[in-house]
Amino acid sequence: DGGITQSPKYLFRKEGQNVTLSCEQNLNHDAMYWYRQDPGQGLRLIYYSQIVNDFQKGDIAEGYSVSREKKESFPLTVTSAQKNPTAFYLCASSWTGYGYTFGSGTRLTVV
Amino acid sequence: DAKTTQPNSMESNEEEPVHLPCNHSTISGTDYIHWYRQLPSQGPEYVIHGLTSNVNNRMASLAIAEDRKSSTLILHRATLRDAAVYYCISFEGSQGNLIFGKGTKLSVKP
């Protein structure tokens with residue numbers, strides 16, 4: 001079955017460490033997205049990519065980095081520069097201009 | 001992409017219809033109205049979308065006002081599994097990205 005796989009489901013990070021969240025899709029979608037969700041809030045866009053080897057900053061890109069070397073993969077790195085990284089991270093993909101398919105999320109906690 | 005306004009929360013009884021309203025008074029002629037829902041600790045899932053005329057699918061119906069300044073998501077018979085946060089989003093598609101507000105938290109009582 002086609003879909004989006006995010007891993008790991010839960011991730012714990014020590015302060016000052018970089019961590020990378022994985023997002024893989026087999027839907028052959030061109031566009032991929034990373035969102036962050038804090039408790040009781042809506043989703044905020046971190047980065048998005050419409051095509052391989054190209055990506056753009058969203059509303060809250062500071063402290064995050066991404067790469068898009070393959071169509072299927074869009075990993076997100078949460079760097080030590082992100083001051084409040086504890087959140088629920090969601091990856092999505094779409095045909096440009098159509099509905100989004102979301103992964104099941106990664107819950108990141110700083111310890 | 002136009003801003004949308006939704007009630008913070010709504011309640012429904014199981015097996016009764018639910019009408020979830022959304023205002024989008026600044027919507028442009030090319031913006032589609034999308035609805036997504038998010039169950040606790042899961043990613044959002046697509047529910048339905050439309051442009052001008054009413055739309056139906058196996059999950060829900062979307063009723064769009066003639067002036068397109070508002071729309072209503074209709075769940076014909078609410079079940080406990082329909083308890084979720086429902087997001088109404090105005091989205092042109094070829095430009096921009098889905099912008100999620102806080103949505104409407106729907107509670108379903110048995």
Side-chain angles (χ1 to χ4, degrees), chain A residues 2-10 21 23-25 27 29-51 55-61 66 74 76 87-109, chain B residues 1-9 20 22 24 28-51 55-60 62 71 73 83-107:
Chain A
I4 294 187
T5 302
Q6 288 188 244
S7 61
K9 191 172 179 64
Y10 298 96
L21 283 58
C23 179
E24 304 277 332
Q25 56 102 356
L27 300 165
H29 285 168
D30 295 315
M32 297 187 74
Y33 313 83
W34 275 105
Y35 288 87
R36 168 183 172 139
Q37 187 173 36
D38 294 286
Q41 304 296 314
L43 284 67
R44 292 184 291 169
L45 184 64
I46 305 172
Y47 268 99
Y48 63 101
S49 168
Q50 304 279 13
I51 194 169
F55 48 83
Q56 286 77 41
K57 293 181 179 180
D59 300 320
I60 55 165
V66 294
F74 192 41
L76 174 75
F88 189 44
Y89 291 87
L90 288 155
C91 179
S93 70
S94 74
W95 294 109
T96 302
Y98 289 83
Y100 289 22
T101 300
F102 282 85
S104 56
T106 292
R107 194 168 297 278
L108 173 64
T109 304
Chain B
D1 298 331
K3 178 179 170 60
T4 61
T5 305
Q6 300 177 252
N8 290 333
S9 62
L20 296 163
C22 180
H24 29 78
S28 75
T30 55
D31 284 353
Y32 282 77
I33 299 145
H34 288 244
W35 284 83
Y36 284 75
R37 72 179 186 181
Q38 185 177 23
L39 279 65
S41 298
Q42 295 187 26
E45 65 172 339
Y46 167 83
V47 177
I48 200 166
H49 78 285
L51 184 62
V55 185
N56 301 293
N57 66 21
R58 64 174 181 82
M59 290 181 71
L62 176 59
S71 61
L73 179 71
V85 177
Y86 286 78
Y87 298 98
C88 168
I89 305 167
S90 169
F91 178 49
E92 191 274 337
S94 62
Q95 300 179 36
N97 304 290
L98 285 181
I99 299 173
F100 288 78
K102 293 187 179 181
T104 296
K105 184 174 183 178
L106 175 66
S107 302

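Just so we're on the same page: letters track the sequence lines, and every chain starts at 1. As a basis for the values below, the full set of heavy atoms in this structure was taken, side chains included, without hydrogen atoms, waters or symmetry mates.
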Closest non-hydrogen contact found for A:Tyr100 with B:Tyr46 is O-CB, 4.3 Å

Residues A:Leu43 and B:Pro44: closest non-hydrogen pair is CD2-CG, 3.9 Å

For B:Phe100 and A:Phe102, run ring pair (Phe, Tyr, Trp, His ring centres under 6.0 Å): C-alpha distance rounded to whole Å, both residues' side-chain angles, the deciding distance at 0.1 Å, then the answer. CA-CA 13 Å; B:Phe100 288 78; A:Phe102 282 85; 5.8 Å; yes

Is atom CG of B:Leu51 surrounded by more than 12 heavy atoms (other residues, nucleotides or ligands) closer than 6.0 Å? yes

How far apart are the closest heavy atoms of B:Gln42 and A:Phe88, and which atoms are they? O-CE2, 3.8 Å

Which answer fits A:Gln37, side chain, backbone, both or neither, if we ask what part of it has an atom under 4.5 Å from a heavy atom of chain B? side chain

Could you check A:Tyr33 against B:Leu98 for side-chain contact (heavy atoms from CB on, under 4.5 Å), going step by step and ending with a plain yes or no? CA-CA 10 Å; A:Tyr33 313 83; B:Leu98 285 181; over 6 Å; no

Under 4.5 Å from any heavy atom of chain B - which part of A:Arg107: side chain

